[in-house]
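Following: one structure in structure tokens, then a few remarks.
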Amino acid sequence: MNPSPATAGTASAATPAAAQRPTILLHPSGNPAGKPTTPYLLNCWYAAALSREIPAEGLFSRQLLDTRVLMYRLADGSPVALHDRCPHRFVPLSMGKRCGDEVRCAYHALQFNGQGQCTHNPHGNQHIPTAAKVRSFPLLERHGFVWIWMGDQPADPAKLADHSALDEGPASAIAWTYMPMQANYELIIDNVMDLSHVDHVHGEIISTRGQLSPIIPPVSERDGAITVRWEWQQQPPMGIFAPFMAEPAAPARHFLNVTWHAPASIQLSVGANQDGGPMDLAHTTGQYDLHTCTPASEGQTHYFFVTRRNHVVDDEGFNAFKIKAMHDAFVNEDGPIIEAVHNEMGTTDFFALNPVLISSDAAPVRVRRRLAQMIAQEGRYK
Amino acid sequence: MNPSPATAGTASAATPAAAQRPTILLHPSGNPAGKPTTPYLLNCWYAAALSREIPAEGLFSRQLLDTRVLMYRLADGSPVALHDRCPHRFVPLSMGKRCGDEVRCAYHALQFNGQGQCTHNPHGNQHIPTAAKVRSFPLLERHGFVWIWMGDQPADPAKLADHSALDEGPASAIAWTYMPMQANYELIIDNVMDLSHVDHVHGEIISTRGQLSPIIPPVSERDGAITVRWEWQQQPPMGIFAPFMAEPAAPARHFLNVTWHAPASIQLSVGANQDGGPMDLAHTTGQYDLHTCTPASEGQTHYFFVTRRNHVVDDEGFNAFKIKAMHDAFVNEDGPIIEAVHNEMGTTDFFALNPVLISSDAAPVRVRRRLAQMIAQEGRYK
Amino acid sequence: MNPSPATAGTASAATPAAAQRPTILLHPSGNPAGKPTTPYLLNCWYAAALSREIPAEGLFSRQLLDTRVLMYRLADGSPVALHDRCPHRFVPLSMGKRCGDEVRCAYHALQFNGQGQCTHNPHGNQHIPTAAKVRSFPLLERHGFVWIWMGDQPADPAKLADHSALDEGPASAIAWTYMPMQANYELIIDNVMDLSHVDHVHGEIISTRGQLSPIIPPVSERDGAITVRWEWQQQPPMGIFAPFMAEPAAPARHFLNVTWHAPASIQLSVGANQDGGPMDLAHTTGQYDLHTCTPASEGQTHYFFVTRRNHVVDDEGFNAFKIKAMHDAFVNEDGPIIEAVHNEMGTTDFFALNPVLISSDAAPVRVRRRLAQMIAQEGRYK
């Protein structure tokens with residue numbers, strides 16, 4: 001399962017090729033030297049925020065892919081995103097004020113609409129320079145997230161994978177959380193694509209009783225999405241499901257189905273049954289989760305998570321308890337390990353450190369290579 | 001008013017030219033690689049400290065232009081400035097002790113006089129090596145400031161602009177303040193050379209009631225000094241003057257006259273009258289201010305300010321109130337914007353970011369270009 | 001005593017030569033670019049820890065020469081050292097758990113023995129990849145220290161200088177301490193090799209009454225060890241010895257003998273007598289000290305110290321008082337000076353700053369040159 005040295009070197013070998021390209025799209029972050037500034041895939045959707053993070057009024061600013069982005073909602077509720085930098089004197093527009101559907105800069109009161117066009121200049125003859133525009137970013141609001149497109153190609157809604165399963169069911173059976181992490185986003189993808197760590201990192205409540213590690217799970221790819229799947233039996237069932245099953249102490253069949261979509265979303269379904277029925281969410285006590293990561297920078301990641309369950313769906317108290325427990329597990333159990341790895345690596349180029357890979361790395365390694373390939377195809381270094 | 005791209009590129013185009021020069025003056029900051037270490041104009045006067053900051057006894061150390069400088073006063077009260085680094089083992093001399101008019105190093109007790117000459121070596125045969133000198137810097141004490149000359153050319157007192165207006169009048173009508181800023185010094189110059197921000201950034205007390213922004217103020221240059229001037233009428237007068245005028249609620253004519261002198265001093269006169277008299281400080285209720293900036297480094301600035309007014313000149317309580325109000329406005333209103341701009345830019349090369357300039361930028365842009373030209377003439381990069 | 005410019009340049013002149021070498025040993029710290037990562041001498045013994053710092057059970061981690069090192073004791077008490085990084089996903093092994101004489105990684109439970117060999121992989125078919133090894137480092141436990149060998153050549157116990165004098169005598173006459181310093185380790189060596197600072201930096205208790213500074217002490221070299229020696233008379237004797245001497249207020253002869261061994265250990269003997277006997281520890285009231293430094297990085301040092309005295313050897317209270325006093329003197333008196341020098345230098349290349357050297361620098365300069373020469377001989381840059 002270890003990559004040959006030649007294969008492991010593929011990702012970094014893309015650098016010289018990218019350097020030879022005559023034109024490279026410039027990202028809007030301040031880069032006076034004209035060098036490509038991002039190692040990220042750009043023509044795709046990233047989660048910019050939970051829907052609830054962008055208020056009905058007011059301004060919300062977050063660094064995404066090394067660029068500060070201002071987000072706010074128009075009077076009709078639709079969100080807009082602008083480069084959070086006045087093109088005049090480079091003040092963050094988020095320091096300014098809302099004026100209806102527009103934002104006024106805090107320094108000299110230039111005013112911009114939701115498309116980033118300057119609409120008012122109170123100075124001199126009030127002429128608005130043609131260049132007085134702020135880059136705006138296409139947004140999609142779906143499944144309780146606001147998704148952003150930061151690439152140079154036209155935004156393509158079809159590139160956001162279908163997670164409509166999240167939209168079906170009561171509000172008391174779905175919950176979101178947000179976790180800033182001091183680590184490269186690919187380390188978080190690795191963590192979710194390889195669940196063999198579950199019995200070693202996490203506590204009793206999601207223990208597989210040692211059943212997961214010995215499995216060599218099949219990895220498959222379809223339309224660019226990469227899936228890894230585990231099935232096993234354990235007794236008693238996973239702690240998160242046992243209380244809601246017919247026989248909480250009896251054996252149960254379990255499945256975990258984990259699918260990565262570019263750039264950094266991972267859909268995880270997990271469930272268990274005791275009746276020999278099919279291993280899917282329609283026939284198990286289970287849940288549909290979405291992990292999605294957005295780099296703030298190469299060393300800082302916005303980690304978003306949502307979970308919808310198909311049991312005790314009307315219990316708001318349980319809903320709140322469950323999301324808090326999952327949030328705390330990510331922050332207190334996965335988080336310190338992932339951040340320590342990031343610090344120890346001293347690079348974001350995983351393969352350059354010659355990792356000793358094992359069977360459970362098949363899925364995350366395949367994702368890393370696919371993502372590197374996609375970034376290289378965009379003409380950026382990786 | 002926007003510069004053509006060719007013009008905007010002038011400043012950064014100076015870099016290759018400077019790089020071709022065969023000899024470049026080395027500054028005394030530690031630079032083992034022999035590269036030019038400062039992007040600053042050197043053969044000129046910078047404010048090193050307020051006079052009151054350098055005590056009659058004791059030692060005062062401050063980083064100026066990337067170099068730590070020790071300042072102290074001789075028994076006769078005259079200030080001296082030395083590179084704050086023992087030439088033996090590089091201990092900051094400010095960690096040592098005063099011995100009369102000399103300073104003794106904390107580590108091995110080498111002693112230096114106010115000219116930087118080693119006068120005592122207690123070790124071995126007590127021989128003083130010829131090279132045992134600390135660089136000393138010429139100082140001028142004027143207008144409540146101690147000014148320093150850090151260049152390689154002979155210090156020229158004529159290069160300090162005449163601000164003797166500050167010296168005329170009672171002590172209860174003049175006040176100084178010091179504000180460390182986490183931003184490049186040119187952003188502070190920009191802020192004072194373009195006062196169109198006043199109605200947008202500051203509060204009621206210096207509001208021009210929207211009169212200032214529509215003006216396209218004339219910019220002029222004489223003997224290297226660049227002046228921008230506004231005149232307007234408003235009702236009521238500016239809040240800082242109205243209470244001291246004949247008719248506090250009636251219209252008044254106002255003027256603002258702002259003059260930059262290299263490298264980083266800006267003299268600002270502002271006044272108002274209601275009798276149709278000339279628009280100058282002799283005929284208005286007004287004040288004479290001096291803003292002066294000294295880089296600690298490219299990203300940190302010592303911002304000094306003094307103001308002398310021509311009204312209520314004997315009220316010490318009002319004097320204290322007024323300087324506190326101005327200090328707080330700079331720190332709490334201008335400061336956060338300037339520091340946010342510095343952070344957002346990610347460079348100190350303003351033009352490299354292709355700013356969209358408007359009419360009110362005429363004066364600060366002219367200052368930036370003039371300063372870049374002067375630095376290039378000294379043979380340093382800009 | 002000043003070096004000629006040519007001589008002072010020798011150390012840095014080694015850089016280009018080293019750069020031309022075709023093969024350079026790679027250190028285990030993460031360095032994807034394949035450049036030599038350490039400026040340190042590697043084929044030698046450094047103090048990794050005080051013996052008491054490595055517990056009988058549990059794990060102890062410390063950064064040494066830019067590399068995190070995990071240390072623990074086997075059931076038989078012998079210490080082992082491993083690169084503190086799982087070769088699989090680069091988690092610090094110190095985040096894991098002890099399993100008998102082995103350590104289990106916190107992330108995926110790969111298990112390693114004290115030689116760094118992976119002994120268990122719970123995943124898939126449990127195959128252990130051939131490459132699943134952690135680098136282990138030879139250790140020697142002597143004189144209350146655990147010494148580590150981080151070079152590529154076979155560990156050579158003979159390269160650890162003989163300090164068996166530390167082992168002879170009661171436990172109540174020896175004490176150790178550990179002091180982390182924010183400075184390059186060579187500045188600490190300088191400090192101990194040139195004791196002319198004693199009367200200027202330290203207090204009454206070790207004052208030589210001005211006798212030390214005027215001496216030009218002989219410097220000698222034998223088998224690579226460099227020794228500097230002072231002898232003098234003072235009245236009263238040094239404060240640390242006077243109370244234990246026959247006539248505490250009478251004159252006494254003193255000696256200081258200071259010997260550096262590569263890379264960073266300095267043995268210091270100091271004593272006084274009033275009977276005209278030989279100037280050595282057998283015939284004086286005195287003590288045998290060992291200062292030893294290990295770089296954590298170029299700017300951070302682990303400073304270890306041990307002292308054994310030949311008087312009041314059975315007083316445990318005095319023993320505790322004495323080590324605390326010495327620890328506090330190093331931390332509060334030498335420490336701030338050394339750290340300020342490090343900050344002010346802005347480089348670790350002392351000679352590049354053209355220091356003005358005096359007679360007392362003979363020994364530390366000789367050590368610096370010898371060490372630079374040894375590092376260059378290893379084929380690394382200095």
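Only a predicted model underlies this, so the values are computations on that prediction, with no experimental measurement involved. Each chain gets a letter, A, B and so on, in the order its sequence line appears, and its residues count up from 1.
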Carefully, step by step, assess C:Lys97 and C:Val103 under the rule side chain to side chain contact (heavy atoms under 4.5 Å, CB included). CA-CA 6 Å; C:Lys97 287 182 202 154; C:Val103 59; over 6 Å; no
Side-chain ion pair, C:Arg73 and C:Glu57, N-O less than 4.0 Å: no
Distance col, row A:Ser220:OG vs A:Ile226:CD1, nearest 0.5 angstrom, shows 9.0 Å
Could you check whether A:Asp361 pairs with C:Arg89 (Lys NZ or Arg NE/NH1/NH2 to Asp/Glu carboxylate O, under 4.0 Å)? yes
Contact part of C:Ile128 toward chain A, heavy-atom cut-off under 4.5 Å: side chain, backbone, both or neither? neither
Heavy-atom pairs under 4.5 Å with chain A - which of C:His88, C:His108, C:Gln126 has more of them than the others? C:His88
Can you confirm whether or not the ring centre of A:Tyr185 sits under 6.0 Å from the ring centre of A:Tyr303? no
Is a donor from one side chain sitting under 3.5 angstrom from an acceptor on the other, for A:Gln267 and A:Asp289? no
Given that the side chain runs from C-beta out, which part of A:Asn191 has a heavy atom under 4.5 Å from chain C: side chain, backbone, both or neither? both
Who in residues 192-203 of chain A is close to chain C, using a strict under-4.5 Å heavy-atom cut-off? A:Asp194, A:Ser196, A:His197, A:His200, A:Val201
When you check the gap from the basic side-chain N to the acidic O, do C:Arg104 and C:Glu102 get nearer than 4.0 Å? no
Can you list the steps and then say if A:Thr259 with A:Ile266 is a side chain to side chain contact (heavy atoms under 4.5 Å, CB included)? CA-CA 5 Å; A:Thr259 299; A:Ile266 304 178; over 6 Å; no
Please tell me whether C:Thr348 and C:Glu298 have a donor and an acceptor in their side chains that are separated by less than 3.5 angstrom. yes
Using a strict threshold of under 4.0 Å (side-chain N to carboxylate O), is an ion pair present between C:Arg68 and A:Glu344? no
For chain C, which residues of residues 325-341 of chain A have heavy atoms nearer than 4.5 angstrom: A:Pro336, A:Ile337, A:Ile338, A:Ala340, A:Val341
Output, in order, the C-alpha distance, side-chain angles, deciding distance and verdict of side chain to side chain contact (heavy atoms under 4.5 Å, CB included) for C:Thr294 and C:Thr301. CA-CA 6 Å; C:Thr294 307; C:Thr301 299; 6.0 Å; no
Given heavy-atom pairs under 4.5 angstrom as the criterion, report whether the side chain, backbone, both or neither of C:Pro87 touches chain A. both
